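In what follows, a structure is listed as structure tokens, so that the remarks can point back to it.
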Amino acid sequence: MKTLLSFFLLLLTIQSFSQNKTARDYGFQHLRVVYQGDTVDILIKSSQGEEQKKKPLFLFCQGSLPQPLIKYDEQGIYGVFPFNPDSLSRYYHLVIISKPYIPLVYNVKSLGENFTYKDIHGRIPKKYSDRNFPGYYVSRNVYILKYLVKQPWVSKEKLVVAGHSEGSTIAAKMAFLYSGITHLIYSGGNPMGRIMSIIGQRRSVETDSTRYGEEEFQYWKSVVENRSDTGSSEADTYKATYEFSEPSKEYLEKLKIPVYVCYGTKDWNTPFIDYLRVDMIRQGKSNFTFNAYVGTEHNYFPVFSTGKTNYDIYNWDNVANDWKNWLSQH
């Protein structure tokens with residue numbers, strides 16, 4: 001995401017690694033489906049020995065950036081989910097879907113900044129950029145869910161979709177369009193759209209001479225004028241920014257299923273999530289639950305009074321545990 005860093009510097013799984021190892025060697029089922037001619041990798045995390053036990057699905061829609069799902073170095077692999085999946089996998093089969101035309105497995109030493117994958121020319125693959133927008137992800141993910149719920153090891157009593165950051169926008173629109181989804185978890189999203197986060201960040205560092213925030217309005221004007229353009233080699237094309245900037249509030253407020261919204265109060269998105277919270281109270285929407293992690297940023301790391309982020313305290317497992325507790329009550 002433009003100007004936003006991805007902080008999924010996850011805990012290493014302590015185990016030996018060989019390039020010849022597969023996703024199954026690391027405790028995942030690996031499925032492949034073809035969607036509109038594209039081969040899509042799907043990883044499923046289940047409790048050991050319970051891969052064929054009938055349980056509901058829990059789909060996690062990850063955030064932005066063209067990152068491989070399995071990233072490794074000489075010490076082992078990085079966490080595929082930002083949280084330890086073990087507590088949730090006791091009750092669900094956890095699902096995560098690859099980014100289009102990004103390798104499933106890759107050595108971190110060959111990845112770029114923020115673990116992004118680039119081709120031999122040092123550019124983000126055009127086939128990724130051509131598909132990196134909500135319309136593609138939503139329809140692809142719904143297609144995959146419809147395929148997965150037909151499997152004998154999937155229970156139909158509940159279908160949970162969760163998304164963080166960019167993934168929250170995808171998850172919210174999926175819940176609006178696909179009636180099979182029974183529960184939505186909306187984490188760290190901006191219900192008023194991506195451009196508002198971009199402007200907010202730039203406003204925070206501008207002065208009367210720099211006017212960074214004002215420059216973003218010119219960028220937004222270009223985005224709107226070229227809203228169908230996927231020609232950029234960068235991850236966020238005009239089309240991606242335009243579609244991710246459409247306010248998800250417009251379909252969130254129409255949902256009747258249980259919705260859990262969580263966010264760090266030091267996140268740039270906070271004023272807009274607070275507004276959603278205020279408005280859901282005004283509308284009497286009792287199906288919404290809000291959980292604000294006071295003093296934490298976009299990825300739930302605490303923020304010092306100086307404004308610096310404390311990366312020594314990793315809260316994602318607490319966040320996922322709160323998801324589990326909320327689901328058990330709904």
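Reckoned from all heavy atoms, side chains included, excluding hydrogens, waters and symmetry mates. Values in this document were obtained by computation on a predicted structure and should not be read as measured data.
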Legend entry - Note, F301 side chain near I313 side chain (heavy atom, < 4.5 Å): no

Inset, instruction - Would you confirm whether the ring centroid of Y106 sits within less than 6.0 angstrom of the ring centroid of Y117? - result: yes

Legend entry - No-hydrogen, no-angle side-chain donor-acceptor test under 3.5 Å, N269 and S197: yes

Inset, instruction - Give a yes or no on whether Q283 atom CD has more than 12 heavy-atom contacts from other residues, nucleotides or ligands under 6.0 Å away. - result: yes

Legend entry - Residue pair K127 / P100, side-chain heavy-atom distance below 4.5 Å: no

Inset, instruction - Flag the pair T210 / V205 as yes when at least one side-chain heavy-atom distance between them is below 4.5 Å, and no otherwise. - result: no

Legend entry - Gap between atom CD1 of I144 and atom CD1 of I42 - 0.5 Å precision: 4.0 Å

Inset, instruction - Decide yes or no for E206 and E215: does some side-chain heavy atom of the first lie under 4.5 Å from some side-chain heavy atom of the second? - result: no

Inset, instruction - Calculate, to the nearest 0.5 Å, the distance between atoms OH and CD belonging to Y212 and Q201 respectively. - result: 14.0 Å

Inset, instruction - Compute whether any side-chain donor of one residue and acceptor of the other, for S187 and Y300, lie under 3.5 angstrom apart. - result: yes

Inset, instruction - Determine whether the side chains of S248 and Y186 contain a donor N or O and an acceptor N or O closer than 3.5 Å. - result: yes

Inset, instruction - Spell out, as yes or no, whether a donor-acceptor pair under 3.5 Å connects the side chain of S155 to the backbone of E157. - result: yes

Inset, instruction - Specify the closest pair of heavy atoms between Q67 and K71, including all atoms of both residues, with the distance to one decimal. - result: OE1-NZ, 3.6 Å

Inset, instruction - Report yes if the side chains of V40 and S98 come closer than 4.5 Å at any heavy-atom pair, otherwise no. - result: yes

Legend entry - Steps toward salt bridge (charged side-chain N to carboxylate O under 4.0 Å, His left out) verdict (E51, R24): CA-CA 11 Å; E51 291 82 2; R24 188 173 294 277; over 6 Å; no

Inset, instruction - Search all heavy atoms of C61 against all heavy atoms of M174 and return the closest pair with its distance. - result: SG-SD, 4.1 Å

Legend entry - Under-4.0 Å salt bridge between D130 and K126: yes

Legend entry - Test: D229 and K239 ion pair at under 4.0 Å: no

Legend entry - Ionic contact status for K109 with D73, cut-off 4.0 Å: no

Inset, instruction - Check the surroundings of atom NZ in K285: do more than 12 heavy atoms from other residues, nucleotides or ligands lie under 6.0 Å from it? - result: yes

Inset, instruction - Supply the atom-to-atom distance I195 CD1 to E246 CD, rounded to the nearest 0.5 angstrom. - result: 13.0 Å

Inset, instruction - State whether a side-chain donor-acceptor pair under 3.5 Å links Y137 with N132. - result: yes

Inset, instruction - Hey, could you give me the OG1/CD distance between T270 and E297, rounded to the nearest 0.5 Å? - result: 10.5 Å

Legend entry - Cation-pi geometry met for K45 and F28 (6.0 Å, 45°): yes

Inset, instruction - Look at the side chain of T207 and the backbone N and O of S209, then say whether any donor-acceptor pair between them is shorter than 3.5 Å. - result: yes

Inset, instruction - Kindly determine whether Y293 and D322 satisfy side chain to side chain donor-acceptor pair (under 3.5 Å), including the steps that lead there. - result: CA-CA 11 Å; Y293 293 83; D322 289 339; 2.5 Å; yes

Legend entry - Where Y147 and L31 come nearest, the two heavy atoms and their spacing: CE2-CD1, 4.5 Å

Inset, instruction - Would you mind checking if E50 and R90 are paired as a salt bridge, meaning a charged N to carboxylate O distance below 4.0 Å? - result: no

Inset, instruction - Test H164 against every option in F81, F60, W316, F83 by the ring pair (Phe, Tyr, Trp, His ring centres under 6.0 Å) rule and name the one that passes. - result: W316

Inset, instruction - Tell me, please, which residues at least two apart from W326 pass ring pair (Phe, Tyr, Trp, His ring centres under 6.0 Å). - result: H183, Y260, H330

Legend entry - Side-chain H-bond candidate by donor/acceptor type, S328 with Y91, under 3.5 Å: no

Inset, instruction - Calculate, to the nearest 0.5 Å, the distance between atoms OG and NZ belonging to S87 and K324 respectively. - result: 5.0 Å

Inset, instruction - Return the minimal non-hydrogen interatomic distance between Y72 and I77, and the atom names on each side. - result: CB-CG2, 3.8 Å

Legend entry - Side-chain H-bond candidate by donor/acceptor type, Q329 with N325, under 3.5 Å: no

Inset, instruction - Tell me, yes or no, whether the heavy-atom count around K146 atom NZ, taken from other residues, nucleotides or ligands under 6.0 Å, exceeds 12. - result: no

Inset, instruction - Could you tell me whether the side chain of S165 and the main chain of G189 form a donor-acceptor pair under 3.5 Å? - result: no

Legend entry - Side chain to side chain, I44 and L94, heavy atoms closer than 4.5 Å: no

Inset, instruction - Could you check if a side-chain atom of L69 sits within less than 4.5 angstrom of a side-chain atom of K99, using non-hydrogen atoms only? - result: no

Inset, instruction - Consider only side-chain N and O atoms of Y263 and N291, and report whether a donor and an acceptor are under 3.5 Å apart. - result: no

Legend entry - Pairwise distance CG(L184) to CG(L252) - rounded to 0.5 angstrom: 6.5 Å

Inset, instruction - Give the minimum heavy-atom separation between C262 and V319, together with the two atoms involved. - result: SG-CG1, 4.4 Å

Inset, instruction - Before giving the answer on side chain to side chain donor-acceptor pair (under 3.5 Å), spell out for N141 and Y136 the whole-Å C-alpha distance, their side-chain angles and the decisive distance to 0.1 Å. - result: CA-CA 8 Å; N141 291 4; Y136 177 85; over 6 Å; no

Inset, instruction - Decide salt bridge (charged side-chain N to carboxylate O under 4.0 Å, His left out) for R194 and D236; before the verdict, give the C-alpha distance in whole Å, the side-chain angles of both, and the deciding distance to 0.1 Å. - result: CA-CA 11 Å; R194 173 177 291 181; D236 287 343; 3.1 Å; yes

Inset, instruction - Can you see which heavy atom on S46 is nearest to which on S89, and at what distance? - result: C-CB, 4.1 Å

Inset, instruction - Determine whether the side chains of S139 and Y35 contain a donor N or O and an acceptor N or O closer than 3.5 Å. - result: yes

Legend entry - Under 3.5 Å: donor-acceptor pair, side chain of N190, backbone of M196: no

Legend entry - Short side-chain to backbone donor-acceptor contact, T230 and S129, under 3.5 Å: no

Legend entry - Within-4.5 Å side-chain heavy-atom neighbours: W153 and K53: no

